[in-house]
Novice: 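Have a look at this one before I ask anything.
Quick note on labels: first sequence line is chain A, next is B, and so on, each numbered from 1.
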Amino acid sequence: MTMVTQLDIETDLTFTADEIMTIVASRELSDGDVVFVGIGIPSTAANLARLTHAPKVVLVYESGTIGTKPTRPPLSIGDGELAETADAVVSVPEIFAYWLQAGRIDIGFLGAAQLDRWGNLNTTVVGDYDNPTVRLPGAGGAPEIAFNARKTMVVLRQNPRAFVDHLDFITSVGHYEGHDSRSALGAAGGGPSIVITDIGVLRPEALTNELVLVSLHPGRTIDEAVSGTGWELRIADDLATTAPPTAAELATLRELSGS
Amino acid sequence: MTMVTQLDIETDLTFTADEIMTIVASRELSDGDVVFVGIGIPSTAANLARLTHAPKVVLVYESGTIGTKPTRPPLSIGDGELAETADAVVSVPEIFAYWLQAGRIDIGFLGAAQLDRWGNLNTTVVGDYDNPTVRLPGAGGAPEIAFNARKTMVVLRQNPRAFVDHLDFITSVGHYEGHDSRSALGAAGGGPSIVITDIGVLRPEALTNELVLVSLHPGRTIDEAVSGTGWELRIADDLATTAPPTAAELATLRELSGS
Amino acid sequence: MRIFRPSTRGDYLMPTITTLRDAVAEHVHDGDTVALEGFTHLIPVAAGHEIIRQRRRDLRLVRMTPDIVYDQMIGAGTASSLVFSWGGNPGVGSLHRFRDAIEKGYPHPLAIEEHSHGGMSVRYSAGASGLPFGVLRGYTGTYLPQHTNSISTIQCPFTGESLAAVSALNPDVGIIHAQQADRDGNIGFWGILGVQKEAVLASRRSIVTVEEVVDTFDSRVRVVLPSWVVSAIAVVPRGAHPSYAHGYYERDNSYYREWDEISRDRNSFDEWLQHHVYDTEDFAQHLAMTPDLAGV
Amino acid sequence: MRIFRPSTRGDYLMPTITTLRDAVAEHVHDGDTVALEGFTHLIPVAAGHEIIRQRRRDLRLVRMTPDIVYDQMIGAGTASSLVFSWGGNPGVGSLHRFRDAIEKGYPHPLAIEEHSHGGMSVRYSAGASGLPFGVLRGYTGTYLPQHTNSISTIQCPFTGESLAAVSALNPDVGIIHAQQADRDGNIGFWGILGVQKEAVLASRRSIVTVEEVVDTFDSRVRVVLPSWVVSAIAVVPRGAHPSYAHGYYERDNSYYREWDEISRDRNSFDEWLQHHVYDTEDFAQHLAMTPDLAGV
C-alpha cells in the first residue's frame, strides 16, 4: 500500500487541456446523479467520476444503455461494451421519451462547435443554412438534452471561433436570451449550470443568466480568457483558481484513457 | 390409419351451440390471416383453424403475444402458455400502437353483450350509464379492434336481449348508422364482415351495411332467428344452410377443449 | 418540471428493501391516485391486501383490467373512484363488489373514469414520457367520450386529420409485482409484460413486490427497471396469487371461480375480508389458509 | 387505411430468403424513400453498397445517424435528399462526401430535412403506430423549425400547453441488419437496439440482412420481428462491417479512421467506389479486400 501511495505522489502533475477539462467536469458529478453523456470528454469525465469519488453515478447513453459501467472508454455511443455492462438496454425511442423527456436525467453533458454568452449551442452550421461555410454534423440528441435535463454541463475549448457573440444557428437552447427567457419557452430543465473550457470555468450569473468567468485553471490568465471569447467577457468578483488535478485523478484518468 | 378413419366416422355428429359457433368461426380463417383474438370462442375458433385447415394463421392476443401456438386452450388472454409459444412478446402499449392501430391485423374477433342491426356493440352498460340496470365489464380492447382491424367477426348468441333494436351504449363501432357512415367517422378498418350466432350467420348487406340472415345452422329455423332478434330481421333471398360440422372438426375441437 | 422519480436527488438513493407493510405505510396515503398494474400476469395482489389491511380510504384506483384484487379493494371501501378499461373476473364473469358499488353505491358510491385498453395504454405511455396527453385512432362513434372528460380530439397539424387525444396518467403511486430484484435493487421480469414498466415510470412513487432477491437475474428477464426509479421493494413470495408468476407458479383458476361465490353476497365477502385480511398479519398468513396451491 | 405489411394478405406470405442483390432489385426503386437504420450497431452497410452497385438514383434517404455508408451512398449519387438528425463519422469527424454534397452540390445538390434525435425517433414511432404525427418536448427556441416543414406545434387539449409536433415517417423501404433469422423467417437481434424495430414497422416494405439463419434463436435475442412484417431476408455475414454485430464481430475502428482519408478527396473516393463496389459482385468480395478483420 505504501508503494501505491508513493507511486501516486510521483505521478507527473503536469496536464493537458483535455485532462484539466475532463477532471473539472468529473468533479461536478456526485453519487446518485443520473448523467446523460455523449462520447468524448463527457463520457471520459463521467467514467472518471465513477472510478474516483462517485462510484454510484448513473451513466445513461442515448444509444439506450442505462447504468453502464464500462471498463474501457467506449469508442462510440453505441459501443457494445455499453450494452454488456448496462443495468438495462432500451430502444432509442424509449430512451428519449421515457427517460430523458420524462425528467429522469439530472445532468446532461454537452459539447458544441459554438456557444454564446447565454450558453446556447450551435452544432448545425457556420454561415448561411442554405449556403453553408461549414456544415456541422447537426443536432443529434442535444436539443432534447438541453431542453429536458435538470441541468446541463458544457465542455468546450475557449477561442473566438467557438465563443461567439452571435450564433449563426441555435441548435440547442441554453439560457436563450438571458433572464427568464428560457423558462418562458417552456423548457423543462434548468439549462447550463457550468461551462468548462481549457482556460477556466464559466457559470451563469444569478438573475441575468449571462455566463461569467468564475474560475481560472492553474497557470491560465484573465487575458487568455478574454481574448478567447468573442463577446465582452465578464469576470466574477470572487474569481477563483481551479484546484489542480490531484495525482490520483491524473493517474485514474490516464489509466482510463489508456495513455 | 384405418382405425383412425373409422373412429372419425363414428364421432357423434350432434353438436352444441358453442360448437357450431366455434366451427363456423374457424372456417372464416385462412392461412396467413393475422387474427386478434380474445378469450373464449374467438380463441378456441382460431386455434381450431390453426389445428385443421389453416396451420399458418397468425394469432395475436391483446396481452402482447404475437404468433402464439398454444397446445391447450388458454385460460385467460394473459395465459403463460401464450407467452411460451409466441414468436414475440411485446408490451400492451406496443401491441395496441405498433400492431393493431398500424393496420397489421386482418381480422378482429369480438364478442359482446348486445349488438344492433349495424353491428355496433355494447359491452359497457344496460340502462342509464349513471344509474345502470346492469353494469357490464366495459370496453377492453374492443373499440380499437373494431376501429382498426381490416375486418371484424362477431360471435354472439341470438336472443332479444342481445340482438337489440337500440343499444343503450355504443362501446365499439360496427357499421355505425349504416351505409357509408362508418368510413365517414374515419374508421381505418372495414367493420364487421360476419356475425355468427347459435342460430345462423348474418352478414352486412351491400350498400346499406345492415346485417341480414344469410345462413341457418342445421335444424334451426327462420322463425327462431326472427324471434331471437329485437329488430325486424331481414332474410337473404338466397338463404343457405350452414354446412354441418364434420367429424374431423368436432373431434379436433373436443380434443382442444378437453371435453 | 416533471420529475418522476422517488425523490429529488443529490444524495445517492437506492430503493429500500423493506416489508410490504412499511412500504405501503410510507408510500400510499389516503386520497392518493394508486395504480396496481398487471395484465393477467404478475398482478400485485399482496400489495392490494396490505392497502386494505391498513384501511386506506378515498383512493383513486387506476388499472386497465380491475379484477379480483380491485373487487376486494372496492368492496373493502378503500376507493372513491376507479379509472379503468375492463372490469371483470376473467373467464368467470362479473365482479360483484365492483357492480354493487356502481349499481347500488355500496359500501359507498364509486365514481368511474372509463376508457378503452388502447386509450389507457396511451395514457400510461404519455405519463411515462412526461407528456400531458397522447394520441390514438379510436373512440370516435363510441359513447365513451360523452362520459369521460379525459378523452378529447386533436387535429394533425400536417394532414388535418382528426384523432382521439387522452390525458396522461401520472399516479401518485405505481405498484407492480415482478419475479426478481437483484441485490442492487434493480427489478427484472419476463413473460407477458403488460403495462407495468409504464405504470412505474408514470408514477411519482413506486412499490415493487418480488418473488425473490437474486445475485444475478434469470436469463429469461426481458424488462429491467433500474433501482433508482423504484421507491420501495418488498419480497413477497406468491405475492401475485391467484394470478401467476411466469417460471414460479401457475394461475390458480379455482380461486377465480370460488371468488364468484364469495363476492356475490355482502356478508360472505365481509367474512372473507375479516378472516383473510384484517385478521391476518400479512399475505403469507392469507396464503396459508388457501389449500392446494399449485406448484410449478 | 394504413397497412404496413409486405403485401396484401389472403394467401399466406413468408419473407423470401434470397440474395441481397435480388432483394434490392425487387424492393428498392429509383425515387423511393429508403431508411437504412442502425444506431452505431448493426448498420446495414452491405445493403447500402448493393443499392450503390445497382445504381439507384433520386432516393430520399432517411437515417437518424447517417455515417460512412450514407457518405458512400451520397458520394455515389444515389440520393437527392436526406432526412436526418446527426451526420458524421463517429469518433473521427466530418463526413466529407456529405459535406461536399451540401456545401458544393457535388455530385449533385442534396436537399436536407433536418431534425433532432428525439424528433426522428418520435417520427418513426408515429409511423410504426399508423399515426400521422407524434408529439415531443423540444425544438422550441432552436432554429430547426424555421428550416424543416415536418416540425410544427400543437396544443394539449387538456392543459393548453404548447408542444412540438412532427410528421410521421413512413419510408417505402426499411432496411436493417440483424444477427439472426430463424427457419420460419422471424428476425432476432440483441445488444444496442436503436430504432430498427420502428424503421421496419413504419415502412411499406422491408429488407433484413442477417449474419446467419439458425434453428433456434440465441437466448440473448431481445427483439423479434415476426416473419410476416418482413419482405425479404438475405444472409450476409459481416454485413454490418465496419460497424459491429454484438456476439459476432467488433467494430473496425481503423476503417472509420481510414474512411476520413479516402472520402476527403473526390478522386480517391471515386477510386474506392469503382474498386470496392462497382467492380465487386457482392459485399463478400469487398470484405475480402479489407485486411485484418477483427474476430470476436
Novice: Does any N or O in the side chain of B/Q101 come within less than 3.5 Å of the main-chain N or O of C/L136, such that one atom is a donor and the other an acceptor?
Specialist: no
Novice: Just wondering, do C/H117 and B/V92 contact through their side chains at under 4.5 Å, heavy atoms?
Specialist: no
Novice: Find the distance between CD (C/E103) and CZ (B/R135) and round it off to the nearest 0.5 Å.
Specialist: 9.0 Å
Novice: Which region of C/V195, side chain (C-beta onward) or backbone (N, CA, C, O), has a non-hydrogen atom less than 4.5 Å from a non-hydrogen atom of chain B, or is it both or neither?
Specialist: both
Novice: Quick one: does B/S91's side chain get under 4.5 Å of C/K197's, heavy atoms only?
Specialist: no
Novice: So for B/S181, is it side chain, backbone, both, or neither that comes closer than 4.5 Å to the heavy atoms of chain C?
Specialist: neither
Novice: Measuring heavy-atom distances to chain B, does C/F84 have an atom under 4.5 Å in its side chain, in its backbone, in both, or in neither?
Specialist: side chain
Novice: Heavy-atom distances under 4.5 Å only: say whether B/D128 touches chain C with side chain, backbone, both or neither.
Specialist: neither
Novice: Going from CG on B/D130 to CD1 on C/I102, what distance comes out if it is rounded to the nearest 0.5 angstrom?
Specialist: 10.5 Å
Novice: Of the non-hydrogen atoms in B/V173 and C/G141, which two are nearest, and what is the gap between them?
Specialist: CG2-C, 3.5 Å
Novice: Highest number of heavy-atom pairs under 4.5 Å with chain C: which of B/G141, B/G140, B/S172?
Specialist: B/G140
Novice: Within a 6.0 Å radius of atom NZ on B/K151, are there more than 12 heavy atoms belonging to other residues, nucleotides or ligands?
Specialist: no
Novice: Closest heavy-atom contact between C/H246 and B/G80?
Specialist: CE1-O, 3.4 Å
Novice: What pair of heavy atoms forms the shortest contact from C/I192 to B/S63, and how long is it?
Specialist: CG2-O, 3.6 Å
Novice: In Å and rounded to the nearest 0.5 Å, what is the CG to NZ distance from B/N131 to C/K104?
Specialist: 11.0 Å
Novice: With a sphere of 6.0 Å drawn around CZ of C/R220, does it hold more than 12 non-hydrogen atoms of other residues, nucleotides or ligands?
Specialist: yes
Novice: Give, as side chain, backbone, both or neither, the part of C/F98 having an atom under 4.5 angstrom from any heavy atom of chain B.
Specialist: side chain
Novice: Kindly compute the distance separating OG1 (B/T171) from CH2 (C/W86), expressed to the nearest 0.5 Å.
Specialist: 13.5 Å
Novice: Does atom CG of B/D180 have more than 12 heavy-atom neighbours from other groups under 6.0 Å away?
Specialist: no
Novice: Taking side chain as everything from C-beta outward and backbone as N, CA, C, O, which of these in B/P143 sits under 4.5 Å from a heavy atom of chain C? Side chain, backbone, both or neither.
Specialist: side chain
Novice: Considering only heavy atoms, which portion of B/V134 lies under 4.5 Å from any heavy atom of chain C: side chain, backbone, both, or neither?
Specialist: both
Novice: Kindly give the heavy-atom pair with the smallest separation between B/P93 and C/S125, and that separation in Å.
Specialist: CB-OG, 3.5 Å
Novice: Are C/R222 and B/V89 side-chain neighbours, meaning at least one heavy-atom pair lies under 4.5 Å?
Specialist: no
Novice: Can you confirm whether B/E62 sits close enough to C/T65 that some side-chain heavy atom of one is under 4.5 Å from a side-chain heavy atom of the other?
Specialist: no
Novice: So how far is it from C/S116 OG to B/F147 CZ, rounded to the nearest 0.5 Å?
Specialist: 11.0 Å
Novice: Assess the residue pair B/F169 and C/T142 against the criterion (side-chain contact (heavy atoms from CB on, under 4.5 Å)); give the C-alpha distance rounded to whole Å, side-chain angles, the decisive distance to 0.1 Å, and a yes or no.
Specialist: CA-CA 8 Å; B/F169 197 100; C/T142 80; 5.5 Å; no
Novice: Do you know the tightest heavy-atom contact between B/V90 and C/L193?
Specialist: C-CD1, 4.3 Å
Novice: Given side chains that start at C-beta, do those of C/Q146 and B/Y129 come closer than 4.5 Å, heavy atoms only?
Specialist: no
Novice: With respect to chain B, which residue among C/M64, C/M120, C/H147 yields the maximal number of heavy-atom pairs within a distance under 4.5 Å?
Specialist: C/H147
